[in-house]
Structures are given as C-alpha cells and as structure tokens.
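We count residues from 1, following the sequence as given.
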Amino acid sequence: MKQIIKTTNAPAPIGPYSQAVQAGNFLFVSGQVAINPESGELNIGNIEEETHQVMRNLKAVLLEAGLTFDHVVKSTIFLSDMGTFAQVNEVYGQYFTADFPARETVQVSVLPKNVNVEISVIAVIG
C-alpha cells in the first residue's frame with residue numbers, strides 16, 4: 001500500500017512522478033531542484049542559494065508528511081560539477097543536526113532544467 005504526498009509548498013512535479021510516496025514506514029521523496037514554489041521560477045543565482053532552495057523544497061515535502069530532516073535516513077546529491085561539492089555540502093549540513101543520513105554524491109552530465117544540484121531523500125516514519 002502506498003500513499004502519495006503532495007504539497008503546494010514545494011514545486012509541482014515536472015513529469016509523471018509524485019513529490020513523495022509513503023510506503024510502509026518509509027517516505028521516498030523525489031529529487032528536488034531549485035524551483036521556487038511561489039513563483040515557479042528557478043532560483044539559481046549562485047550554488048549556495050540554489051542548494052538552500054532545494055533543501056527548503058525537501059523540507060516542505062517532509063513537513064507535509066509530518067516529518068523533519070531528523071527522519072531522513074538516506075540522501076542522494078546529484079551535481080553538474082563536482083567542483084561545487086564543498087559549497088553544496090556546507091549548505092546541506094545546515095539542515096541536519098546529528099545522526100546524519102547515509103549519502104552519496106555524484107556528478108552527472110545534465111540535470112533537469114539545466115540546474116546545478118538535485119537532491120532526493122528517503123525518510124523513516126516513526
């Protein structure tokens with residue numbers, strides 16, 4: 001059994017997928033990019049602000065499911081340039097307090113809408 005999680009406080013999907021799917025005690029949050037949900041515009045002025053927007057979008061989806069970043073057990077970071085890893089990592093770290101999730105970070109050739117960073121997470125409920 002699965003439940004679709006949807007919020008207007010994060011960007012609407014730009015394809016045939018859900019913002020998040022709850023399955024059992026897990027929440028699978030689709031990769032988020034730096035689209036401002038209020039304006040629908042990309043927020044890619046610099047890599048730090050772009051990453052903050054991605055994390056705000058993830059937070060909104062988690063909150064809709066009644067969760068926080070403390071519930072995240074796994075994340076995946078996709079970068080268009082591994083040279084931005086330090087800046088992205090610095091911002092990412094501001095959203096977690098302790099007991100950090102497992103994670104991988106990979107460089108890819110192109111991301112949707114030509115953004116520089118996309119992050120997805122898996123959270124545990126309960």
Side-chain angles (χ1 to χ4, degrees):
M1 186 166 110
K2 67 181 182 180
Q3 177 183 353
I4 304 302
I5 304 298
K6 183 178 179 183
T7 179
T8 58
N9 294 321
I14 54 176
Y17 62 90
S18 299
Q19 289 171 323
V21 176
Q22 180 180 337
N25 288 337
F26 289 97
L27 181 72
F28 300 88
V29 182
S30 293
Q32 294 294 307
V33 297
I35 296 175
N36 180 318
E38 293 176 8
S39 68
E41 300 293 320
L42 284 172
N43 185 3
I44 56 174
N46 63 57
I47 193 64
E48 292 88 353
E49 183 51 40
E50 184 173 350
T51 306
H52 276 295
Q53 183 67 61
V54 168
M55 297 303 289
R56 287 190 297 265
N57 293 344
L58 288 168
K59 181 179 180 180
V61 177
L62 289 167
L63 286 174
E64 185 66 23
L67 304 175
T68 68
F69 283 110
D70 290 337
H71 295 93
V72 173
V73 296
K74 177 76 168 61
S75 65
T76 303
I77 301 175
F78 301 95
L79 299 175
S80 63
D81 177 2
M82 195 58 80
T84 62
F85 176 81
Q87 297 99 313
V88 170
N89 195 51
E90 173 69 27
V91 172
Y92 171 93
Q94 294 173 26
Y95 291 83
F96 295 94
T97 56
D99 297 329
F100 303 111
R103 178 183 88 181
E104 67 265 331
T105 303
V106 297
Q107 179 175 317
V108 297
S109 61
V110 179
L111 287 165
K113 297 193 172 277
N114 293 312
V115 298
N116 300 297
V117 59
E118 178 177 357
I119 303 174
S120 64
V121 299
I122 300 170
V124 66
I125 300 165

Report task. Begin from the C-alpha positions of Leu27 and Ile5 and carry the test side-chain contact (heavy atoms from CB on, under 4.5 Å) through to its verdict. Result -> CA-CA 9 Å; Leu27 181 72; Ile5 304 298; 3.6 Å; yes
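Ser18 contributes no side-chain N or O that, together with a main-chain N or O of Ala20, makes up a donor-acceptor pair within less than 3.5 Å.
Note: Glu50 CD to Ile47 CD1 = 4.5 Å, rounded to the nearest 0.5 Å. Atoms CD1 and CD, from Ile77 and Glu104 in turn, are 9.0 Å apart once rounded to the nearest 0.5 Å. Between His71 atom NE2 and Ile122 atom CD1 the span is 15.5 Å, to the nearest 0.5 Å. Atoms OG1 and NZ, from Thr76 and Lys74 in turn, are 3.5 Å apart once rounded to the nearest 0.5 Å. Annotation: the span from Phe69 atom CZ to Tyr92 atom OH amounts to 8.5 Å, rounded to 0.5 Å. A distance of 5.5 Å separates CZ in Phe96 from OG in Ser75, rounded to the nearest 0.5 Å.
Ring geometry, Phe26 versus Phe28: the interplanar angle falls from 30° to 60°, so the pair is classed tilted.
Side-chain contact of Gln53 with Asn57: a donor-acceptor pair under 3.5 Å is present, judged by distance alone.
Leu111 and Glu118 get closest at one heavy-atom pair: CD2-OE1, 3.6 Å. The heavy-atom pair separating Lys113 from Leu42 by the smallest distance is O-CD1, 3.8 Å. In this structure, Ala34 and Ile44 approach most closely via the heavy-atom pair CB-CG2, 4.3 Å. Here the closest heavy-atom approach between residue Asn9 and residue Ala60 is recorded as O-CB, 3.3 Å. Ala123 and Leu62 get closest at one heavy-atom pair: CB-CD2, 4.0 Å. In plain terms, the two heavy atoms of Gln19 and Ala10 that are nearest each other are NE2-O, 3.3 Å.
Within 6.0 Å of CD in Gln107 there are more than 12 heavy atoms belonging to other residues, nucleotides or ligands.
At a threshold of 4.0 Å, the pair Arg56-Glu49 counts as salt-bridged, since one of the basic side-chain nitrogens sits closer than that to a carboxylate oxygen.
Both Ile119 and Phe100 belong to a common hydrophobic cluster when Ile, Leu, Val, Met, Phe, Trp and Tyr are linked at side-chain heavy-atom distances under 4.5 angstrom. Hydrophobic cluster membership differs between Val124 and Val121, with clusters built from Ile, Leu, Val, Met, Phe, Trp and Tyr side chains linked at under 4.5 angstrom. Residues Phe78 and Val72 do not share a hydrophobic cluster, clusters being chains of Ile/Leu/Val/Met/Phe/Trp/Tyr side chains in contact below 4.5 Å. Taken together through direct or relayed side-chain contacts under 4.5 Å among Ile, Leu, Val, Met, Phe, Trp and Tyr, Ile35 and Met55 form parts of separate hydrophobic clusters. Each of Val54 and Val115 belongs to its own hydrophobic cluster when Ile, Leu, Val, Met, Phe, Trp and Tyr are linked at side-chain heavy-atom distances under 4.5 angstrom.
Gln32 places none of its side-chain heavy atoms less than 4.5 Å from the side chain of Ser120. Proximity of Ile4 to Val21: side-chain heavy atoms (C-beta onward) are separated by under 4.5 Å at one or more points.
Just one of Asn116, Val88, Leu79 meets the side-chain contact (heavy atoms from CB on, under 4.5 Å) condition when paired with Thr51; it is Val88.
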